[in-house]
Structures are given as structure tokens and as C-alpha cells.
> 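Attaching a single structure in C-alpha cells format; questions to follow.
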Amino acid sequence: MNAMEIKEFQQAEAQEVKEGIHGYSNETNWVKPENPITLERLEWFKDQKLALMMHWGPYSQIEVESWILSDEDGDWARKDVDWTSDYEEMKREYFGLNRTFNPFRFQPELWAEIAAEGGFKYLIFTTKHHDGFCMWDTHTTNYRITGSETPFHAHRYADICNHVFDAFRSKGLAIAAYFSKADWHSPYYWAQGMERSRDTWRGPSYSPEEYPWLWEQFVDFTHEQIMELMTRYGRIDILWLDAGWVKDSDQVRQDIRLGEVVERARQTQPWLLSADRTVGGPYENYVTPEQTIPQRPLNVPWESCITIGTQWAFKYDDQYKSGREIVRILMEVVSKGGNLALNVGPQPDGRLPAGAVKSIKELGAWMKVYGEAVYDTRVCGPYFAGSCAFTSKGNTVYCTYLYESADEAVSKVVHIPYQEPVSSIELVGSDALLQVERTPEGVSITLPDCELNGQAPIAHVFRMQKGEEAK
């Protein structure tokens, strides 16, 4: 891999990953699946709306994710590396974190209870991040949670993926297995003695075209790991693939023959969705905006992955979004046709951070009352307008009127910019009668006096029935 090839690849990747944040595929790159089972599962996916995402591994001990291993990304990734300036030593220290990772306070059943209480419908769990550490009992490497060097290997919950997946399934949540296609620990990807062995970057340390035999070993290694997850860990609903730079591109070809292994997995799990993020094509069944919400509705299945705190991994002094903030994010996402994957990073001892749990429970309390405006809904114009988020279900249209803070004044009359005729309007969660008036701008709704006392709620949710309006 010469300097020109590397420069071209880096320029292309700048459009894909910037400071650890991936862009997302253009709608035009989405390929509608031909498999009727996959199409049916995409409709299921669009019903779910809310996922709990978890980034967890040995890196939780240092509050810094695996991106610090890439010298190319050091300018932004290493801003919190304050214990050394010797980055070769830092890499050795990082890869040795497995020897101190001992989450003995891990309680998968409690995690699942909290997720169910929060209203989550599926889990996205990091089986392996770019650093290559495996959170399942893989037979491909000793760099795993059940490896002899990892103190947790003798614990009754040592096979973390197994116990997490079982616990969440028992609460009715579906399972998405996050898997990094890149593996910076693998000697078949970051091979020693190659051009980029020391001056690391997110790609392989060699050119796969110059060393095809070595690349084939990596392909076999990757396929074996994916098939372990697909055949030994029960029902998996989604294979959520990260590291979008691992693809058959024109810059640096990294063809892992993904279609081959996905179709092989579907022989066992025919319902499997594949999210080969930022790549496009037939195995990116839905697109994945990261830490952002599209400005307009997308005409393809999609899911925004957004942190409940400020970063993906656990951080001791992290600041967590409130239930009110999360509901606003959720309703903007859902009103534009997407799902929200809300990420929390568990602590190195195995507990969920108290601040994150508090916010999740606030979200769950709201969803218990107003979830009908979220789950199983589809887009409805005018989508997200001002303080209003619109969703629909059959002949029912929901308007979620959001308040930015508890101190915001609640007006006696609420104006809804909905122009279509409605036969009735109800306030979800209340038996109070509403006075409704059609206006040139939409609909004006007079709230009952009981809704004007105290602090502003997170939202008022109106249930509107389509139909001929009373004269």
C-alpha cells in the first residue's frame, strides 16, 4: 500500500468517519431486499422504535474507546489520554486491559428488567469493538472475556453475550449483535512487520491485494466469529456491522465476502436483518445515522444511534440526558420514520451508571402512558413541526406537543398545525373533554384546567381520528 493509495483512502474515509462519528448512507444507496422474509422483518423493525445500545469492554476501565489505538486518528481520539506520551507503550497497555477487566457486579437479569421498564424493544450489544476483544466464548482467539488471562473467565456469567442475550430475550426484547468487521488485535488484520505495523490506521497494516493469502486468513477468521454468534447464541434478529471502511472499495479493497456469511447465517436464522452500516448495497438493510437526526424524513428504514451521555463508553463524570430530552429526541426520530438506539456504557464493575438508569426510568414512565403514539406507528405529515411531532396508526393520528422545560408556561389553548379533517380529538392519558376549533393554520385545542396546574409536562399527546368534521 503506497502513500498515494493511503492518501486517497483517507480522503474517502473522511466522508465516512470524522472523529469517531460515522456518516450515514444516502437513500439512493439503499437496495430494497428481494427476500420476502427480509421485507417482512423490516416492517417488524419499523414497529419497534426504541433500542437499548451498549458499548462495553475492557476499555470501560479507562473511559477511552478503542479508537486511541489508531495513530491516524490520534489527533481527536487521544485527547483524554493523559497518562503517557509514549503511544507505543499506550497500545501495549490498552491491549493488556483484558488482564484487569473483572465486572464481578454484572447482573444481566437486572439490566434486562431496567431495559423493559424503560420501554425498549430490542438490544444492540457490542460483541466485539475495533480492538478485537470478544465478549463471548469464541474459539478463534484467547483475547476474549472467557480467556485465561481475563480474571472474569471463571465467573458464572463469564460468557457475557450468552447471559445478556438470554436475560433480554426473557423480557421480550429482540437481539441485535453489534460486530466490528475490523479487528486491530488480529494478526491477520494488523499484521506485524508490515508497512503500517507501527504507524497504525483503522485499515489493515498491509495491502490485501499484495498479500491475498493473509487477507484470506482474516476473512476466514471473521466468518468463523460471525457464525459462532449466529449458531451458538440463540435467536439473533439483527447483525449490526460496524467499521464501514472494511468493504470492497476502489481505494483499499477489504472484501470480507459479507454476503456469503450473511446468507450462510440466514440458513440458520432466516429472519436475520443485516445492517452493514455506511456501505450501502444489499446487506445494509437499514441505515444508521450516528449522534444525529436527519433534517427530513427518510424514505428507507433507518435508526439513529445516540448516546444517553456524552460518549459511547462509560465515563465516570458523564452527564446524562434527562427523560425530557430523550423523549424530544425520540419523537423527532419517530416522526421522521426512524428508530432510536439509545446507548449506555456500563461501568467496568458490571453495573449500569445510576444517572443513566434514572433517565431510562423517566423515559419508561412516559412511554407507559404515551407509548401508543410511538410503537407500531408510521410517518404522517407535517412530521416534526415546531413543538409538534406527528405519527399515525391506521385512521388515528397522534400529535405529541413537546415542552422544552418544566418551567415553560402551558397555554390554555394549544395550536396544532394539522390541516386534514378529523372527527374527534382526545388527550391521551386523560378523560377530560376537549374543546376544538378549526383554524386556517390547523387546529386549536383548549386544555382542561387540570392540565394548567404545576410544572409543564414532558408533552401533551393528542389522539386524533381521521374523518369528516362535525359542522
Side-chain angles (χ1 to χ4, degrees), residues 12-25 29 51-60 64-70 72-73 76-77 122-136 138 161 175-186 189-190 201-204 218-219 221-223 225-226 228-230 236-249 252 254-259 261-262 265 272-281 283-292 302-307 311-313 339 341-345:
E13 288 303 300
Q15 303 302 314
E16 237 170 53
V17 185
K18 184 177 181 181
E19 296 195 359
I21 302 299
H22 293 253
Y24 58 95
S25 298
N29 293 329
L52 180 63
M53 190 177 203
M54 289 183 162
H55 278 72
W56 195 36
Y59 49 80
S60 62
V64 182
E65 297 141 23
S66 57
W67 281 102
I68 65 171
L69 295 170
S70 170
E72 176 194 59
D73 296 285
W76 61 267
Y122 60 109
L123 169 73
I124 307 171
F125 187 76
T126 306
T127 66
K128 182 181 78 168
H129 205 248
H130 313 323
D131 59 14
F133 186 81
C134 298
M135 298 289 278
W136 79 97
T138 180
C161 282
I175 303 298
Y178 171 118
F179 181 88
S180 172
K181 295 178 294 181
D183 189 316
W184 296 339
H185 186 268
S186 170
Y189 196 75
W190 272 7
W201 66 326
R202 63 178 73 111
F218 180 67
V219 172
F221 169 83
T222 303
H223 284 205
Q225 287 197 333
I226 290 174
E228 283 181 340
L229 292 166
M230 295 298 110
I236 306 295
D237 296 275
I238 302 167
L239 178 58
W240 206 96
L241 296 158
D242 206 356
W245 61 89
V246 181
K247 61 184 178 181
D248 189 14
S249 69
V252 178
Q254 299 185 58
D255 183 8
I256 60 168
R257 301 196 302 277
L258 180 65
V261 71
V262 170
L272 184 71
L273 293 176
S274 171
D276 190 18
R277 57 194 313 249
T278 76
V279 173
Y283 296 101
E284 188 174 13
N285 295 151
Y286 64 85
V287 301
T288 54
E290 182 174 337
Q291 295 287 45
T292 190
W302 62 278
E303 167 195 85
S304 273
C305 43
I306 295 176
T307 54
Q311 64 178 37
W312 300 105
N339 289 7
L342 191 66
N343 181 85
V344 59

> I want to check something: taking the side chain as every heavy atom from C-beta on, are Phe218 and Ser186 in contact at a cut-off of under 4.5 Å?
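They are in contact (side-chain heavy atoms under 4.5 Å apart), so the answer is yes.
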> Which pair of non-hydrogen atoms, one from Thr222 and one from Ile256, has the smallest distance, and what is that distance?
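Reported closest heavy-atom pair: CG2-CD1, 4.3 Å.
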> Would you say that Asp242 contacts Arg277 through its side chain, given a criterion of any heavy-atom pair below 4.5 Å between the two side chains?
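Asp242 vs Arg277: side chains touch.
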> Carefully, step by step, assess Ser66 and His130 under the rule side chain to side chain donor-acceptor pair (under 3.5 Å).
CA-CA 6 Å; Ser66 57; His130 313 323; 5.4 Å; no
> Given the side-chain rings of His185 and Trp190, with only the six-membered ring counted for Trp, is the space between their centroids under 6.0 Å?
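No, they do not, as the ring centres are separated by 6.0 Å or more.
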> Is a side-chain donor or acceptor of Trp56 paired with a backbone partner of Ala313 at a separation under 3.5 angstrom?
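Not confirmed, Trp56 side chain does not pair with Ala313 backbone.
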> Which atom names give the shortest non-hydrogen contact between Ser274 and Leu241, and what distance separates them?
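Closest approach of Ser274 to Leu241, heavy atoms only: OG-CD1, 4.0 Å.
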> Indicate yes or no: does Lys247 engage Asp276 in a salt bridge with an N to O separation below 4.0 Å.
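Not counted as a salt bridge, because no side-chain N and carboxylate O are separated by less than 4.0 Å.
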> Centres of the Trp245 and Trp201 rings: under 6.0 Å?
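No.
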> Just to verify, what does Asp255 make a side chain to side chain contact (heavy atoms under 4.5 Å, CB included) with, not counting sequence neighbours?
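Here the qualifying residues are Asp248, Arg257.
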> For Tyr178 and Trp240, I'd like to know if the aromatic rings sit close, meaning centre-to-centre distance below 6.0 Å.
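They qualify: ring centres under 6.0 Å apart.
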> How about Val262 and Leu239: do any of their side-chain heavy atoms sit closer than 4.5 Å?
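Counting from C-beta outward, Val262 and Leu239 do come under 4.5 Å.
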> Evaluate the criterion side-chain contact (heavy atoms from CB on, under 4.5 Å) for residue pair His55 and Gln311; output intermediate values, then yes/no.
CA-CA 10 Å; His55 278 72; Gln311 64 178 37; over 6 Å; no
> Mind checking side chain to side chain contact (heavy atoms under 4.5 Å, CB included) for Val64 and listing every partner two or more places apart, or none if nothing turns up?
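Partners of Val64 by the side chain to side chain contact (heavy atoms under 4.5 Å, CB included) criterion, ordered by chain and then number, come out as Ile62, Ile68, Asp80.
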> Taking atom types as modelled and ignoring hydrogens, do the side chains of Glu303 and Tyr122 form a donor-acceptor contact shorter than 3.5 angstrom?
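The answer is yes; a qualifying pair exists.
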> Please name the pair of heavy atoms, one in Thr278 and one in Gly244, separated by the smallest distance, quoted to 0.1 Å.
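Result for this residue pair: OG1-CA, 3.4 Å.
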> Answer yes or no: is there a donor N or O on one side and an acceptor on the other, between the side chain of Thr307 and the main chain of Trp312, under 3.5 Å?
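Such a contact is absent between Thr307 side chain and Trp312 backbone.
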> Answer with yes or no whether the side chains of Gln254 and Ser249 bring together a donor and an acceptor at under 3.5 Å.
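No - no donor-acceptor pair under 3.5 Å links their side chains.
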> For Glu284 and Leu258, what are the C-alpha separation, side-chain angles and deciding distance, and is it a side-chain contact (heavy atoms from CB on, under 4.5 Å)?
CA-CA 11 Å; Glu284 188 174 13; Leu258 180 65; over 6 Å; no
> Considering non-hydrogen atoms only, spot the tightest contact between Ile306 and Gln291 and give its length.
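Distance-wise, the nearest heavy atoms are CA-OE1, 3.4 Å.
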> What residue pairs, at least two apart or across chains, pass salt bridge (charged side-chain N to carboxylate O under 4.0 Å, His left out) with a residue in residues 122-132?
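Of all non-adjacent pairs touching residues 122-132, those that pass salt bridge (charged side-chain N to carboxylate O under 4.0 Å, His left out) are Lys128-Asp183.
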> Side chains of Trp136 and Leu229, heavy atoms from C-beta outward: is any pair under 4.5 Å?
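In contact.
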> Roughly how far, to the nearest 0.5 Å, is CZ of Phe179 from NE2 of His129?
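CZ of Phe179 is found 12.5 Å from NE2 of His129.
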> Determine the minimum heavy-atom distance between Ser180 and Ala182, stating which atoms define it.
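For Ser180 and Ala182, the tightest heavy-atom pair comes out as OG-O, 2.8 Å.
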> Ignoring hydrogens and geometry, is there a side-chain-to-backbone donor-acceptor pair from Asp237 to Ile175 under 3.5 Å?
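Yes: the side chain of Asp237 pairs with the backbone of Ile175.
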> Roughly how far apart are Trp67 CH2 and Trp76 CH2, rounded to 0.5 Å?
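That separation rounds to 5.5 Å.
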> Can you find a heavy atom in the side chain of Met54 that is under 4.5 Å from one in the side chain of Val344?
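Contact flag for Met54/Val344 side chains = yes.
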> When rounded to the nearest 0.5 angstrom, what is the spacing between CE in Met230 and CD1 in Ile236?
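Here the rounded value is 5.0 Å.
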> Tyr283: what forms a ring-ring contact (aromatic ring centres under 6.0 Å, His included) with it, not counting sequence neighbours?
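Tyr283 satisfies ring-ring contact (aromatic ring centres under 6.0 Å, His included) with no residue once adjacent residues are dropped.
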> If you take all heavy atoms of Ser25 and Gly280, which pair is closest and at what distance?
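Smallest interatomic distance, heavy atoms only, reads OG-N, 3.7 Å.
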> Of all residues at least two apart in sequence or in a different chain, which pass the salt bridge (Lys or Arg N to Asp or Glu O under 4.0 Å) check with Glu65?
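In terms of salt bridge (Lys or Arg N to Asp or Glu O under 4.0 Å), with neighbours along the sequence ignored, Glu65 is linked to no residue.
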> When rounded to the nearest 0.5 angstrom, what is the spacing between CE in Met53 and CG in Asn343?
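Spacing of CE (Met53) from CG (Asn343) equals 6.0 Å.
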> For Phe125, which residues count as a ring-ring contact (aromatic ring centres under 6.0 Å, His included) partner, sequence neighbours excluded?
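Scan of Phe125 (ring-ring contact (aromatic ring centres under 6.0 Å, His included), adjacent residues dropped) gives none.
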